[in-house]
A.B. asks: 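This is the structure, below, for whatever I ask next.
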Amino acid sequence: MTALLTAEFRKVTTLRFWWMLGLAPLIVGMFSSAITLPVMRAFTDAFEADPNEANLAATLFGLAVAVALVVLFAAVFGAVNVGTEFRYKTLTTTFLTARGRDGVIGTKLAVTAAFGFFYCLVVEVVSVALLLTFGGDTFELRGSLFAMLGAALICGALWALIGGGVSMLTGSSVGSCIALVVWYTLGEMILRSILSGIGIGSVGSVLPVSATLGTVANAAAGNEIDWLTLWPTAPLALLVWTAVFVGGGWALTRQRDIT
């Protein structure tokens with residue numbers, strides 16, 4: 001198992017896409033803060049409020065954007081990391097040289113989840129550093145913030161697994177990436193609107209993206225945003241979706257013809 005983990009880690013780190021996918025949400029989050037800051041300062045100037053409030057609001061907005069994007073990019077990483085094995089037929093050689101398929105699949109998914117966790121951790125560390133730098137005296141490190149950041153770390157790892165599971169189901173990294181991006185940005189929102197229109201809007205609250213938002217936003221004690229899925233339903237729903245995609249992809253890959 002150690003040899004498989006080492007080999008899988010080397011597979012990822014010898015390619016460029018792993019750090020490019022992690023860098024993108026960080027840069028976008030920082031730009032979001034920079035773009036939001038003039039708007040926030042205009043409001044504070046108009047209402048003669050504390051300028052530090054503008055810095056804090058802009059930086060918090062950047063953190064929210066960065067976390068939302070890093071979860072998506074973790075899913076894309078999972079899809080690419082697993083899907084390229086099918087695209088370039090490298091999975092065939094790995095299966096033939098290993099003792100069994102289960103060990104290979106489990107190792108790949110474990111490394112995929114670790115990178116999803118790592119992406120989110122790096123983004124959060126940088127974002128909190130920016131909050132401490134530009135948040136002014138109005139910003140304090142509180143347990144509620146750490147609770148939400150901790151929940152986001154778990155979501156990053158789970159979405160990386162979801163991305164890997166989707167690629168195992170489809171056997172295509174490109175198709176899986178497109179499906180994940182469309183679903184995360186628009187697809188679920190459209191489906192939730194349709195479900196609300198036919199009177200079963202409660203079903204939409206446990207869909208993957210909605211469950212993720214509820215897991216992060218309602219992680220802190222006292223946060224009970226009713227229009228988002230509450231705890232413990234939110235994280236349990238996300239775990240169920242992860243198990244469905246990973247379990248289905250795992251079962252299919254164990255039987256798939258890889259020649």
Side-chain angles (χ1 to χ4, degrees), residues 1 4-22 24-25 68-95 98 100-123 152-185 187-188 207-209 211-212 215 235 237-258:
M1 183 61 72
L4 285 174
L5 283 170
T6 303
E8 186 59 39
F9 183 79
R10 286 176 178 173
K11 278 185 183 180
V12 176
T13 55
T14 52
L15 300 175
R16 294 180 180 179
F17 75 90
W18 74 271
W19 60 265
M20 293 175 66
L21 288 174
L69 281 177
V70 78
V71 170
L72 172 60
F73 276 80
V76 171
F77 168 80
V80 173
N81 189 43
V82 175
T84 49
E85 296 275 16
F86 296 103
R87 182 178 181 183
Y88 296 108
K89 306 294 184 182
T90 52
L91 200 59
T92 304
T93 305
T94 307
F95 279 163
R101 294 191 178 190
D102 288 331
V104 174
I105 297 170
T107 302
K108 178 166 284 294
L109 290 175
V111 172
T112 297
F115 270 86
F117 184 94
F118 172 74
Y119 282 167
C120 204
L121 179 62
V122 171
V123 166
L153 289 174
I154 297 173
C155 291
L158 292 180
W159 270 93
L161 289 174
I162 290 175
V166 172
S167 274
M168 287 193 293
L169 287 170
T170 63
S172 168
S173 58
V174 176
S176 298
C177 289
I178 293 173
L180 287 165
V181 171
V182 171
W183 178 265
Y184 193 90
T185 56
E188 184 168 318
L207 291 174
V209 179
T212 302
T215 298
L238 186 58
L239 283 170
V240 169
W241 283 111
T242 304
V244 167
F245 283 108
V246 170
W250 194 314
L252 184 61
T253 304
R254 290 181 81 250
Q255 304 174 27
R256 191 191 299 271
D257 182 7
I258 57 170

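Reckoned from all heavy atoms, side chains included, excluding hydrogens, waters and symmetry mates.
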A.B. asks: Could you pull out the closest heavy-atom pair between Ala160 and Gly116, with the gap in Å?
C.D. replies: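 What the structure gives for the nearest pair is CB-CA, 4.0 Å.
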A.B. asks: Using every non-hydrogen atom in the two residues, find where Ala74 and Gly156 come nearest and quote the distance to one decimal.
C.D. replies: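 Looks like CB-O, 3.4 Å.
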A.B. asks: Which value, rounded to the nearest 0.5 Å, describes the distance between Thr185 atom OG1 and Leu69 atom CG?
C.D. replies: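 One finds 10.5 Å between OG1 of Thr185 and CG of Leu69.
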A.B. asks: Could you give the distance from OG1 (Thr253) to NZ (Lys108), rounded to the nearest 0.5 Å?
C.D. replies: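 Result: 11.0 Å between the selected atoms.
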A.B. asks: Check whether any side-chain heavy atom of Thr215 lies under 4.5 Å from a side-chain heavy atom of Ile154, and answer yes or no.
C.D. replies: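 Heavy-atom side-chain distance check fails, nothing below 4.5 Å.
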A.B. asks: Return the minimal non-hydrogen interatomic distance between Leu180 and Gly163, and the atom names on each side.
C.D. replies: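 It is CD1-CA, 3.7 Å.
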A.B. asks: Quick check for you: to the nearest 0.5 Å, what is the distance between Cys120 atom SG and Phe73 atom CZ?
C.D. replies: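 Interatomic distance, Cys120 SG to Phe73 CZ, rounded to 0.5 Å: 13.0 Å.
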A.B. asks: Under 4.5 Å between any side-chain heavy atoms of Val209 and Val71, yes or no?
C.D. replies: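 When only atoms from C-beta onward are counted, Val71 and Val209 do not touch, as no gap falls below 4.5 Å.
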A.B. asks: Going from CZ on Arg254 to CE on Met168, what distance comes out if it is rounded to the nearest 0.5 angstrom?
C.D. replies: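 Reported value, rounded in 0.5 Å steps: 12.0 Å.
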A.B. asks: Below 6.0 angstrom between ring centroids: does that apply to Tyr119 and Phe77?
C.D. replies: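 Yes, they do, as the ring centres are separated by less than 6.0 Å.
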A.B. asks: Give me the one residue out of Tyr184, Trp183, Trp159 that meets side-chain contact (heavy atoms from CB on, under 4.5 Å) with Leu72.
C.D. replies: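 Among Tyr184, Trp183, Trp159, the one meeting side-chain contact (heavy atoms from CB on, under 4.5 Å) with Leu72 is Tyr184.
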A.B. asks: Quick one, Leu169 and Phe245 - any side-chain contact, counting heavy atoms below 4.5 Å?
C.D. replies: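 The answer is yes; the side chains approach within 4.5 Å.
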A.B. asks: Quick check: closest heavy atoms across Trp250 and Gly106, and the distance to 0.1 Å?
C.D. replies: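 Closest approach of Trp250 to Gly106, heavy atoms only: CH2-CA, 3.5 Å.
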A.B. asks: What are the two closest heavy atoms between Cys155 and Thr212, and how far apart are they?
C.D. replies: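 Looking at all heavy atoms of both residues, the closest pair is SG-CG2, 3.8 Å.
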A.B. asks: Roughly how far apart are Leu158 CG and Thr242 OG1, rounded to 0.5 Å?
C.D. replies: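 The OG1 atom of Thr242 is 4.0 Å from CG of Leu158, to the nearest 0.5 Å.
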A.B. asks: Could you give the distance from CD1 (Ile105) to OG1 (Thr112), rounded to the nearest 0.5 Å?
C.D. replies: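 Nearest 0.5 Å value for the CD1-OG1 distance: 12.0 Å.
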A.B. asks: Where is the tightest heavy-atom contact between Cys177 and Ala79, given as atom of each residue plus distance?
C.D. replies: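 Residues Cys177 and Ala79, closest heavy atoms: SG-CB, 3.9 Å.
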